[in-house]
Amino acid sequence: MAEVDLPELDRAELRAAGVLRGGGAVVVTRPSPMSYGVVARDARAINRLKGRPVDQPVGISIHSEAAHDQLFRYLDVGTDTLAAIDFALAERITVLAPIRPDPAMPEWLAPAIQNGWVMFFDGSWGQLAFLWTSFPFLYGSSANRTGEAPAPAAAEARRQFPDGILIIDADHLREQTAAYGASTTLRVEPNGRFTLHRSGIQDQLAGGADLILERLREFRSAVARLDGSTPSPLGKTYLSTAVTRPLLPNTRIRLGFARVPNKDVDGPRVWDVIRAHVGCNQLGTAIGAGELLTDGTLRVDGLSGTQVGWKGSGGRSSPPSRTATCASIAIRPSLRGSASAAAG
């Protein structure tokens with residue numbers, strides 16, 4: 001299908017991806033009640049567009065699993081705090097957290113770091129899935145010129161920014177709300193304490209930051225009680241040392257463990273999650289909190305909904321194709337960074 005035959009929003013996403021790959025900045029719609037945002041692959045492009053010093057630190061969206069996991073590897077906080085940070089990211093809250101200096105740290109994190117602190121968020125929105133899945137991370141900021149309020153709609157963004165700046169107008173896909181604003185920013189201390197760094201739309205609509213902070217404290221406490229004092233694979237990734245019945249010749253299984261918030265108030269507060277990758281294929285499941293590796297072995301039966309690679313057509317990336325194939329995996333992870341796995 002030619003680009004001219006695509007819907008207008010799809011064409012806008014394609015043009016935006018081209019601008020980003022060329023080092024420019026794009027103004028994007030955020031879901032209600034968020035105001036518009038500016039994203040770029042080059043942090044300097046955001047600062048130029050906003051009219052501020054080009055070397056000013058900017059936030060970074062870690063919307064892909066790869067970028068999220070790389071950043072979390074260097075955050076100077078405990079496992080229970082990492083889980084609480086994930087809870088905040090799910091609420092589209094921006095986080096300022098301490099980060100350990102490490103020569104192995106990827107260079108793309110540098111524009112978001114200042115004096116040992118990193119600012120990050122999850123900017124992805126399903127209505128603009130192609131744009132967000134085209135890049136593992138993007139630098140971002142609120143859509144406004146310095147000294148002006150963040151743009152609540154496309155019309156205000158057009159007023160603030162020069163002609164020629166690409167603005168993805170998806171206002172028709174947002175829920176109408178009485179107020180729009182930039183995200184709340186929370187600061188996380190090394191001891192796991194959350195404080196309000198900058199007021200934003202989330203704490204304003206909640207009736208104050210104290211309510212959000214209390215929810216995060218409760219969640220972090222629940223995770224800390226679940227973790228216990230024994231060694232845990234949570235937050236770690238393992239590569240299998242042996243696969244007794246390979247899915248593909250010479251294939252190894254990569255396993256990632258995490259404890260994540262459950263937003264369903266009727267269920268457990270957290271899920272223990274395992275992510276299993278076989279080559280470019282991903283299998284995944286979630287297990288109720290406290291049930292992960294209780295006896296040193298995790299057996300997962302009926303792993304369905306396998307995501308098999310990514311296919312492109314017409315210049316766009318389509319969602320992962322899904323198979324009906326099921327598998328079972330028995331895992332005995334070693335805390336030294338490897339695991340033996342049997343797949344069938």
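- Contact of the Ile165 side chain with the Pro162 side chain is registered, since non-hydrogen atoms from C-beta on lie closer than 4.5 Å.
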*Report the C-alpha separation of Trp125 and Thr29 in whole Å, then their side-chain angles, then the decisive distance to 0.1 Å, and conclude whether the side-chain contact (heavy atoms from CB on, under 4.5 Å) test is met.*
CA-CA 9 Å; Trp125 185 33; Thr29 317; 3.7 Å; yes

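- Closest approach of Ile201 to Tyr180, counting heavy atoms only: CD1-C, 3.9 Å.
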*Go through the steps for Arg52 and Val58 under the test side-chain contact (heavy atoms from CB on, under 4.5 Å), then give the verdict.*
CA-CA 11 Å; Arg52 61 192 193 185; Val58 298; 3.5 Å; yes

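- The pair Arg187-Glu189 meets the salt-bridge criterion, with a side-chain N (NZ, NE, NH1 or NH2) lying under 4.0 Å from an Asp/Glu carboxylate O.
- In this structure, CD1 in Ile99 is found 8.5 Å from OH in Tyr74, a value given to the nearest 0.5 Å.
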*asked:* Evaluate Asp10 against Phe130 for side-chain contact (heavy atoms from CB on, under 4.5 Å), listing each step before the verdict.
replied: CA-CA 8 Å; Asp10 289 357; Phe130 171 72; over 6 Å; no

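- Arg158 and Asp169 are joined by a salt bridge, as a carboxylate oxygen and a charged side-chain nitrogen come within less than 4.0 angstrom of each other.
- In this structure, Arg21 and Phe135 have side chains that are in contact, with non-hydrogen atoms separated by less than 4.5 Å.
- Val26 has its side chain out of reach of Ile167: every pair of non-hydrogen atoms, C-beta onward, lies at least 4.5 Å apart.
- Of the possible polar contacts, none joining the Asp76 side chain to the Pro98 backbone as a donor-acceptor pair under 3.5 Å is found.
- For the pair Ala16 and Leu131, the tightest heavy-atom approach, listed with the atom from each and the gap, is CB-CD1, 3.9 Å.
- Using a cut-off of 4.0 Å between Lys/Arg side-chain N and Asp/Glu carboxylate O, Glu8 and Arg15 are scored as salt-bridged.
- In this structure, the side chains of Asn47 and Pro53 stay at 4.5 Å or more apart for every pair of heavy atoms.
- Arg44 and Asp42 are joined by a salt bridge, as a carboxylate oxygen and a charged side-chain nitrogen come within less than 4.0 angstrom of each other.
- Checked against side chain to side chain donor-acceptor pair (under 3.5 Å), Arg174 has the following partners two or more places apart in sequence or in another chain: Asp171.
- Of the possible polar contacts, one joining the Arg92 side chain to the Ser124 backbone as a donor-acceptor pair under 3.5 Å is found.
- The shortest distance between side-chain heavy atoms of Ile46 and Val39 does not fall below 4.5 Å.
- Grouping the Ile, Leu, Val, Met, Phe, Trp and Tyr side chains by contacts below 4.5 angstrom, directly or via other members, places Trp117 apart from Leu186.
- For the residue pair Phe161 and Asn144, the shortest heavy atom distance occurs at CZ-N, 3.4 Å.
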*Stepwise side-chain contact (heavy atoms from CB on, under 4.5 Å) check, Ser141 with Lys50*: CA-CA 9 Å; Ser141 183; Lys50 291 172 68 79; 3.2 Å; yes

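- Side chain of Thr133 to main chain of Ala129: a donor-acceptor pair is present (N/O by atom type, distance under 3.5 Å, no hydrogens or angles).
- Under the 3.5 Å distance criterion, with hydrogens and angles disregarded, no donor-acceptor pair is assigned to the side chains of Asp122 and His68.
- Side-chain contact between Pro33 and Gln202 is absent, with no heavy-atom pair separated by less than 4.5 Å.
- For the atom pair CD (Gln70) and CD1 (Ile62), the distance works out to 10.5 Å, reported to the nearest 0.5 Å.
- A pairwise comparison of heavy atoms in Gln204 and Ser199 identifies NE2-OG, 3.4 Å as the closest pair.
- Looking only at distances, a side-chain donor or acceptor of Gln160 sits under 3.5 Å from a matching main-chain atom of Arg145.
- When all heavy atoms of Val27 and Ala157 are compared, the pair lying nearest together is CG1-CB, 4.1 Å.
- Separation of atoms OG1 (Thr81) and CG (Asn191) is listed at 8.0 Å; rounding is to 0.5 Å.
- With hydrophobic clusters built from ILVMFWY side chains whose heavy atoms lie under 4.5 angstrom apart, Val28 shares a cluster with Leu173.
- Counting only heavy atoms from C-beta outward, the side chains of Ile168 and Tyr36 never approach each other to under 4.5 Å.
- A donor-acceptor pair under 3.5 Å is formed between the side chain of Ser61 and the backbone N or O of Gly123.
- Counting only distance, with no hydrogens or angles, the side chain of Arg100 and the backbone of Arg73 share a donor-acceptor pair below 3.5 Å.
- Taken to the nearest 0.5 Å, the CH2 atom of Trp132 stands 11.0 Å off from the CD atom of Glu13.
- In terms of the ring-ring contact (aromatic ring centres under 6.0 Å, His included) criterion, residue partners of Phe137 (sequence neighbours excluded) are, by chain and number, Trp108, Tyr139.
- Put simply, Leu213 and Leu89 are part of the same group of oily side chains (I, L, V, M, F, W, Y) that touch within less than 4.5 Å, one to the next.
- With respect to the salt-bridge test (charged N to carboxylate O, under 4.0 angstrom), the residues Glu218 and Arg215 do not qualify.
- Contact of the Ile60 side chain with the Leu138 side chain is not registered, since no non-hydrogen atoms from C-beta on lie closer than 4.5 Å.
- Using modelled atom types, one side-chain atom of Thr184 and one backbone atom of Asp203 make a donor-acceptor pair closer than 3.5 Å.
- A salt bridge links Glu148 to Arg159: at least one charged side-chain nitrogen sits closer than 4.0 Å to a carboxylate oxygen.
- Met119 and Leu109 are members of different hydrophobic clusters when ILVMFWY side chains are connected at heavy-atom separations under 4.5 Å.
- Residues Ile85 and Phe121 do not share a hydrophobic cluster, clusters being chains of Ile/Leu/Val/Met/Phe/Trp/Tyr side chains in contact below 4.5 Å.
- Checking side-chain atoms of Gln114 against main-chain N and O of Pro57 turns up no donor-acceptor pair under 3.5 Å.
- No donor-acceptor pair closer than 3.5 Å links the side chain of His197 to the backbone N or O of Leu96.
- A donor-acceptor pair under 3.5 Å is absent between the side-chain atoms of Ser183 and the main chain of Ile93, judged by distance alone.
- Nearest heavy-atom pair across Ser35 and Ala182 is OG-N, 3.3 Å.
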